[in-house]
There are 2 protein chains.
Amino acid sequence: MKNETPTGGPRRDDLKLSAQLCFALYSTLLGVNKVYRKALKPLDLTYPQYLVMLVLWERDDVNVSDICAQLYLETTTLTPLLKRLEARGLLQRQRYAGDERQVRVTLTEAGKALRAQAEPIPMCVAQALGCSLDEIVTLRDQLKGLRANLFNAD
Amino acid sequence: MKNETPTGGPRRDDLKLSAQLCFALYSTLLGVNKVYRKALKPLDLTYPQYLVMLVLWERDDVNVSDICAQLYLETTTLTPLLKRLEARGLLQRQRYAGDERQVRVTLTEAGKALRAQAEPIPMCVAQALGCSLDEIVTLRDQLKGLRANLFNAD
DNA sequence: CCAATATATATCGCGTGCGATATTATTGCA
DNA sequence: TGCAATAATATCGCACGCGATATATATTGG
């Protein structure tokens with residue numbers, strides 16, 4: 001027995017738990033965004049914009065789909081976001097000569113300089129999370145597993 | 001020693017872990033939305049709209065701020081969402097006679113009837129999550145703790 | 001070599017999600 | 001009582017996030 005109905009599917013309570021986990025994820029992320037919004041206000045960056053900058057600070061000169069893959073986002077989302085960062089002078093977008101379909105994204109000096117200003121962000125976030133390192137690591141790894149399942153579903 | 005610097009703050013690696021947890025949350029939720037989008041397509045509901053319907057199916061005739069509190073959303077987000085559901089004929093919004101500031105939300109017959117169509121949703125989601133019950137419960141409860149911290153941070 | 005196919009990015013439309021602000025109703029206090 | 005403070009909801013503007021679709025370039029098969 002355990003968690004199976006006679007036909008092998010999950011029980012009714014199990015289904016509720018899954019829905020509860022999803023809502024916990026949803027509502028917790030609202031809180032994450034709230035904390036990042038406050039922390040990023042001095043930089044005038046949104047959380048997704050900050051994620052893009054993190055990618056570029058780690059490795060400059062990547063194409064759009066590289067960023068998409070790393071951040072689990074669609075080009076549909078990234079193209080306008082990148083254009084906004086370009087308009088602010090933080091990065092440049094230019095067609096790649098070797099393959100004119102690709103657009104290479106590179107940091108400007110202003111984009112590189114912003115990294116220094118972003119230094120206190122992780123500390124703000126760590127303090128807001130306020131939970132133990134062990135818990136953070138476990139949670140992170142469980143979420144990675146969940147994410148893999150969700151993106152592979154169908 | 002352990003996880004403290006001489007000044008008592010978190011170490012550099014700890015900060016990275018917090019950021020990694022936040023990104024895991026962010027990207028996992030993208031997957032959750034993806035799964036719900038597909039499951040909810042026959043109902044023509046978004047995930048937040050579905051959450052509102054769940055609230056109302058559980059307890060009808062609530063005011064806007066009740067829903068806000070339950071879903072961790074601002075009225076700014078809910079008002080337009082509720083107006084869309086009202087326009088679709090799933091619910092009604094009317095000022096409460098006892099306190100004209102409040103707006104009471106009640107399900108229409110169509111709104112109640114939609115519940116039957118929503119019955120297979122939790123199963124779709126449970127299958128997509130594809131992890132053990134124990135893990136789901138643990139994750140859910142850890143996230144609740146995290147959420148409380150995040151919403152209480154400053 | 002050239003047409004069919006695949007790939008990379010962009011455009012459009014719509015629904016969140018929230019900060020700043022406005023509006024109306026209620027409450028509290030002098 | 002009357003007026004300031006508070007509360008509940010709404011409006012506006014902007015940035016995601018993605019499905020559907022378009023466009024341009026590259027690749028592949030005949």
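Note: hydrogens, waters and symmetry copies are ignored here, and every other heavy atom, side chains too, is used. Given the structure is predicted, the values throughout are model-derived calculations rather than measurements. To find a chain, count down the sequence lines: A is the first, B the second, and so on, and within it residues start at 1.
Ring planes of B:Phe151 and B:Tyr72: tilted class, angle from 30 to 60°.
Of the side-chain N and O atoms in B:Thr75, none sit less than 4.0 angstrom from OP1 or OP2 of D:dT9. The side chain of A:Tyr26 places no N or O atom within less than 4.0 Å of a non-bridging phosphate oxygen (OP1 or OP2) of C:dT16. Listed pair A:Lys83 / D:dC16 fails the phosphate criterion, with no side-chain N or O lying under 4.0 Å from OP1 or OP2. An OP1 or OP2 oxygen of D:dG17 is reached within less than 4.0 angstrom by no side-chain nitrogen or oxygen of B:Arg37.
Between C:dT9, C:dG19, D:dG19, one nucleotide has an atom nearer to the side chain of A:Lys41 than all others, and that is C:dG19. Here the side chain of B:Glu100 is nearest to one of C:dA25, C:dA8, D:dA8, namely C:dA25. When distances run from any side-chain atom of A:Val103 to the nucleotides C:dA10, C:dT26, D:dC18, the shortest one goes to C:dA10.
One atom, OH of B:Tyr47, and another, P of C:dG15, lie 19 Å apart when rounded to the nearest Å. If you take CG of B:Leu73 and P of C:dG15, they are 17 Å apart, rounded to a whole angstrom. To the nearest angstrom, P of C:dC14 lies 15 Å from CZ of B:Arg88. In this structure, B:Leu40 atom CG and C:dG15 atom C1' are separated by 13 Å, rounded to whole Å. Taking atom CG on A:Leu81 and atom P on D:dC14, their separation rounds to 16 Å, with Å as the unit. The interatomic distance linking A:Leu150 (CG) with D:dC18 (P) rounds to 13 Å, in whole Å. One can place CG of A:Asp99 at 11 Å from C1' of D:dA24, the figure rounded to the nearest angstrom. Atom-to-atom, CD of A:Glu74 to P of C:dG13 comes out at 20 Å; the value is rounded to the nearest Å.
As judged by a 4.0 angstrom heavy-atom cut-off over every strand, B:Tyr96 is placed among residues making no nucleic acid contact. Residue A:Asn33 is classed as having no contact, given no heavy-atom separation below 4.0 Å to the nucleic acid. No contact: B:Lys38 has no heavy atom under 4.0 Å from any strand. Contact annotation for B:Leu78: no contact, since no heavy-atom pair falls under 4.0 Å across all strands. Within 4.0 Å of B:Thr46, counting heavy atoms only, lie sugar-phosphate atoms of the nucleic acid but no base atom. Note on A:Arg93: only backbone sugar-phosphate atoms sit closer than 4.0 angstrom, heavy atoms only; bases stay farther off. A:Asn63 comes within 4.0 angstrom of sugar-phosphate atoms only, judged by non-hydrogen atoms across all strands, and of no base. Using a 4.0 Å heavy-atom cutoff across all strands shown, A:Ser65 reaches sugar-phosphate atoms only and no base atom.
Across all their heavy atoms, B:Ala118 and B:Tyr50 have their closest contact at CB-CE1, 4.3 Å.
A:Arg95 has no carboxylate O lying under 4.0 Å from a charged side-chain N of A:Glu100, or vice versa, which leaves the two without a salt bridge. No salt bridge links B:Lys83 with B:Glu86; every basic N to acidic carboxylate O contact stays at or beyond 4.0 Å.
At least one side-chain heavy atom of B:Leu114 sits under 4.5 Å from a side-chain heavy atom of B:Gln117.
With no hydrogens or angles considered, no side-chain donor-acceptor pair links B:Arg104 and B:Gln94 at under 3.5 Å. B:Ser132 and B:Asp134 form no side-chain donor-acceptor contact under 3.5 Å, judged by distance and modelled atom types alone.
Across the interface with DNA chain D, nearest-nucleotide mapping of A:Ala97 and A:Thr77 shows A:Thr77 to be the residue nearer the 5′ end. Between A:Thr79 and A:Leu30, the residue whose closest nucleotide on DNA chain C is further toward the 5' end is A:Thr79. If A:Pro80 and B:Gln49 are placed on DNA chain C by their nearest nucleotide, the residue sitting closer to the 5' end is A:Pro80. Heavy-atom distances to DNA chain D give each of A:Thr76 and B:Arg104 a nearest nucleotide, and the one nearer the 5′ end belongs to B:Arg104.
You'll find a donor-acceptor pair under 3.5 Å spanning the side chain of A:Arg101 and the base of C:dT7, going by distance alone.
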